[in-house]
Peer 1: 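Pasting in a structure now, in structure tokens, and then I'll have a few things to ask.
None of the values given here were measured: they were computed from a predicted structure. Chain A is the first sequence line, chain B the second, and so forth, proteins listed ahead of strands; every chain is numbered from 1.
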2 protein chains.
Amino acid sequence: MRRMPANKDSANNYFDFLSNQSIFANISTSDLDKFFGSMQVVQYQKDETVILNAEEYANLYFAYEGLFKLTQFDQRGDELVLRIIDQNDVISPMHFLPHYNIAAKFVRDTTLICFSKNKVNDLIAKNHQFSMNVIQLLAKSTQEFMQFSEMLQLKTTREKVGWYLLRTKINNNLEFAHPKRLIAAYLGMTPESFSRALTDLKNDGIFINNKEIQLESDDKLCQYCDKTTGVDCDLFQTQQCAHH
Amino acid sequence: MRRMPANKDSANNYFDFLSNQSIFANISTSDLDKFFGSMQVVQYQKDETVILNAEEYANLYFAYEGLFKLTQFDQRGDELVLRIIDQNDVISPMHFLPHYNIAAKFVRDTTLICFSKNKVNDLIAKNHQFSMNVIQLLAKSTQEFMQFSEMLQLKTTREKVGWYLLRTKINNNLEFAHPKRLIAAYLGMTPESFSRALTDLKNDGIFINNKEIQLESDDKLCQYCDKTTGVDCDLFQTQQCAHH
DNA sequence: CTAATTAATTGATTTGTATCAATTAATGAT
DNA sequence: ATCATTAATTGATACAAATCAATTAATTAG
């Protein structure tokens, strides 16, 4: 880990970046500027591991650049990837309960912007809109983990992969942004099973060339959709959408 | 579902009950009394099912009495029990995102106390302590689902059951408070597997007589402990505790 | 550009748990 | 108390995905 002193140019970039975060939506520029002044920039290197306990990491973090995974692991060494975090994601270990240990494993060199728990709590106290935004963030987080549990428990291997491909399509324009082994771990399966599932999906008209996803027709992944996923799709509830 | 008109006596009971909820901690009696005035009591019967979408169920609910499960299910009919909710638990579908459908299936006749989203948001706006308490609740909820995912994905069947027994021991004094099939579903396994796991645990000095849990010695379940679970144990971090 | 390293794929085998089927135990209603 | 119903257990079998092992493809470093 490395603390970065911010020069004026980079500070401007960071301010722009932060202003677009939904947690800061509808807050006056003056309040924001004051708050942003307390920003810290930290960098982590590829392959670093950090245990994000609430005591030492009592901050609110924004992923400005890079890639890491939030993982839980057991004594056997098996690991659960709870979240893949890359650009624009937020993580708030300051809200973790005491004794809860979870690891951040950095997959690529990563730059985080962070705010201390005290500063965040000050803003919550002072600015009602911000506290609503924090509530919104945590509510979304709760729901994401409910859906994550659902994915782990209810979906078949093939459905998991189909669901992941669909989300990739909706967000990232048909190519894998992360190593396949990372995706496999996030979906709760081995790289072997992931690879075999990709092969299986050829029967559905879904073809994979290295990182590229090719679809026989645009709706080939729709069978793996659900309403909460679909809401971000361009075609949601239009004529062509299964949920219309 | 049935709306209950509250008489004066029962209202007093409800007020007492609510006052002890952690979400209302450290809030002035006057603010609370005013808020409690907007309370609604609703009752659900055994075997009822309700889809708790954020549109129709935009409330904050307290389980005053009864038992139900929060479940997600798929087109095959497989179900995931995300939470078992009984006395004293809180659930806030008002914080669910649009299009997120999750079901409450009532296992026993249940009495809920509820507050409308508007009233809750009013209190959030007016009372900073309450908004902090809501944040605390949602943070805890996020963490519980992370741990739930961990349980589903990383623990073996036997570890899941051992972990559940341990939590029962810490909370409820060595007896099952819920039907075994419900517990099995919550742990992501069939009743058959649950039953077999209980049999296996005899080798660990853990014996089950119908609803009763008997331990060869008091520490027989400690091997299934982790810090976040152990924090509620009487012996946490004492000499006898594995985490000391 | 090439060698070295890591990632991904493919095949063979094992394994844990679901499923199916039948029995026994517990609970609830008359 | 007895019968009917539901819950729990036990055994046999099937199956999906993990593991183990080997190969091929893709990156990364020199």
Side-chain angles (χ1 to χ4, degrees), chain A residues 45-47 67 69 73-74 76-81 84 105-109 151-162 164-165 175-203 206-213, chain B residues 45-47 67 69 73-74 76-81 84 105-109 151-162 164-165 175-203 206-213:
Chain A
Q45 289 192 318
K46 186 178 161 164
D47 296 328
L67 178 64
K69 52 186 176 179
F73 46 88
D74 62 19
R76 280 186 294 271
D78 293 337
E79 92 173 337
L80 169 68
V81 176
I84 296 174
K105 294 194 182 180
F106 292 86
V107 178
R108 291 208 283 264
D109 290 355
M151 182 274 288
L152 288 179
Q153 186 64 21
L154 292 183
K155 289 193 198 299
T156 64
T157 295
R158 186 174 174 161
E159 286 167 343
K160 288 177 180 179
V161 176
Y164 184 86
L165 292 178
E175 91 169 33
F176 289 120
H178 309 308
K180 288 182 185 171
R181 46 196 302 94
L182 176 59
I183 299 167
Y186 175 69
L187 298 176
M189 64 181 73
T190 59
E192 292 96 322
S193 294
F194 183 74
S195 177
R196 282 188 251 265
L198 289 178
T199 307
D200 279 357
L201 286 170
K202 283 177 191 154
N203 300 320
I206 299 157
F207 302 89
I208 311 297
N209 269 23
N210 192 15
K211 294 190 176 322
E212 202 187 342
I213 303 160
Chain B
Q45 290 191 318
K46 187 179 162 165
D47 296 327
L67 177 65
K69 52 186 176 180
F73 46 89
D74 61 20
R76 279 185 294 270
D78 294 336
E79 95 173 337
L80 169 66
V81 175
I84 296 173
K105 292 193 182 179
F106 293 86
V107 178
R108 290 208 284 264
D109 290 356
M151 182 274 289
L152 287 179
Q153 186 64 21
L154 293 183
K155 288 192 199 297
T156 64
T157 294
R158 189 173 171 160
E159 287 168 344
K160 287 177 180 179
V161 176
Y164 184 86
L165 292 177
E175 87 168 38
F176 290 119
H178 309 310
K180 289 182 185 171
R181 47 196 302 94
L182 176 59
I183 300 167
Y186 175 70
L187 298 175
M189 64 183 71
T190 59
E192 292 96 321
S193 294
F194 184 72
S195 178
R196 283 188 251 266
L198 289 177
T199 306
D200 280 356
L201 286 169
K202 282 177 190 155
N203 301 319
I206 299 157
F207 302 90
I208 310 298
N209 268 23
N210 191 15
K211 295 190 175 326
E212 200 186 342
I213 304 160

Peer 1: I need the minimum non-hydrogen distance between A:Gln45 and A:Phe106, along with the two atoms involved.
Peer 2: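 Heavy atoms of A:Gln45 and A:Phe106 come nearest at O-CB, 3.5 Å.
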Peer 1: In whole angstrom, what separates A:Lys155's NZ from C:dA18's P?
Peer 2: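 It works out to 19 Å between those atoms.
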Peer 1: What is the distance from CG of A:Leu187 to C1' of D:dA17, rounded to the nearest Å?
Peer 2: 14 Å
Peer 1: For A:Phe176, which residues count as a ring-ring contact (aromatic ring centres under 6.0 Å, His included) partner, sequence neighbours excluded?
Peer 2: none
Peer 1: Summarise protein proximity over nucleotides 21-30 of chain C in one line of letters, 5' to 3': B for base, S for sugar-phosphate only, - for none, counting protein heavy atoms closer than 4.0 Å.
Peer 2: ------S---
Peer 1: What is the separation between atom CD on B:Glu79 and atom P on C:dA18, rounded to the nearest whole Å?
Peer 2: 14 Å
Peer 1: Using whole Å, report how far CD of A:Glu212 lies from P of C:dA8.
Peer 2: 16 Å
Peer 1: Between atom CZ in B:Arg181 and atom P in D:dT9, what is the gap in whole Å?
Peer 2: 11 Å
Peer 1: Is a side-chain donor or acceptor of B:Gln153 paired with a backbone partner of A:Leu152 at a separation under 3.5 angstrom?
Peer 2: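 No, because the side chain of B:Gln153 does not come within donor-acceptor range (under 3.5 Å) of the backbone of A:Leu152.
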Peer 1: Using modelled atom types only, decide if a donor and an acceptor are shared between the side chain of A:Lys202 and the backbone of A:Ile208 within a distance under 3.5 Å.
Peer 2: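 The answer is no, because no donor-acceptor pair under 3.5 Å joins these two groups.
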Peer 1: Of the non-hydrogen atoms in A:Gly162 and A:Leu201, which two are nearest, and what is the gap between them?
Peer 2: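 Closest approach of A:Gly162 to A:Leu201: N-CD1, 4.3 Å.
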Peer 1: When you compare the side chain of A:Val107 with that of A:Ile84, does any pair of heavy atoms fall below 4.5 Å?
Peer 2: no
Peer 1: Indicate the atoms forming the closest heavy-atom contact of A:Arg76 with B:Lys155, along with that distance.
Peer 2: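 Closest approach of A:Arg76 to B:Lys155, heavy atoms only: NH2-CA, 4.4 Å.
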Peer 1: Heavy atoms only: give me the nearest A:Thr157-A:Ser193 pair and the separation to one decimal.
Peer 2: CG2-O, 4.1 Å
Peer 1: Calculate the interatomic distance between B:Arg76 atom CZ and D:dA16 atom P; express it in whole Å.
Peer 2: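 In whole Å, D:dA16 P and B:Arg76 CZ are 12 Å from each other.
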Peer 1: Return the residues of residues 194-202 of chain B meeting this criterion: a heavy atom under 4.0 Å from some atom of DNA chain C. Order them by number, or give none.
Peer 2: B:Arg196
Peer 1: Does a nitrogen or oxygen in the side chain of A:Ser193 sit under 4.0 Å from OP1 or OP2 of D:dA17?
Peer 2: no
Peer 1: So, OP1 or OP2 of D:dA26: does either fall under 4.0 Å of a side-chain N or O from A:Lys180?
Peer 2: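 So the side chain of A:Lys180 is outside the cut-off, no N or O lying under 4.0 Å from OP1 or OP2 of D:dA26.
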Peer 1: Starting from C1' on D:dA25, measure out to CD1 on A:Ile208 and report it in whole angstrom.
Peer 2: 16 Å
Peer 1: Would you confirm whether A:Lys160, through its side chain, and A:Leu154, through its main-chain N or O, come within 3.5 Å as a donor-acceptor pair?
Peer 2: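 Judged by distance alone, no pair lies under 3.5 Å.
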Peer 1: Once you round it to whole Å, what is the distance between P of C:dA8 and NE2 of A:His178?
Peer 2: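 Distance, rounded to whole Å: 13 Å.
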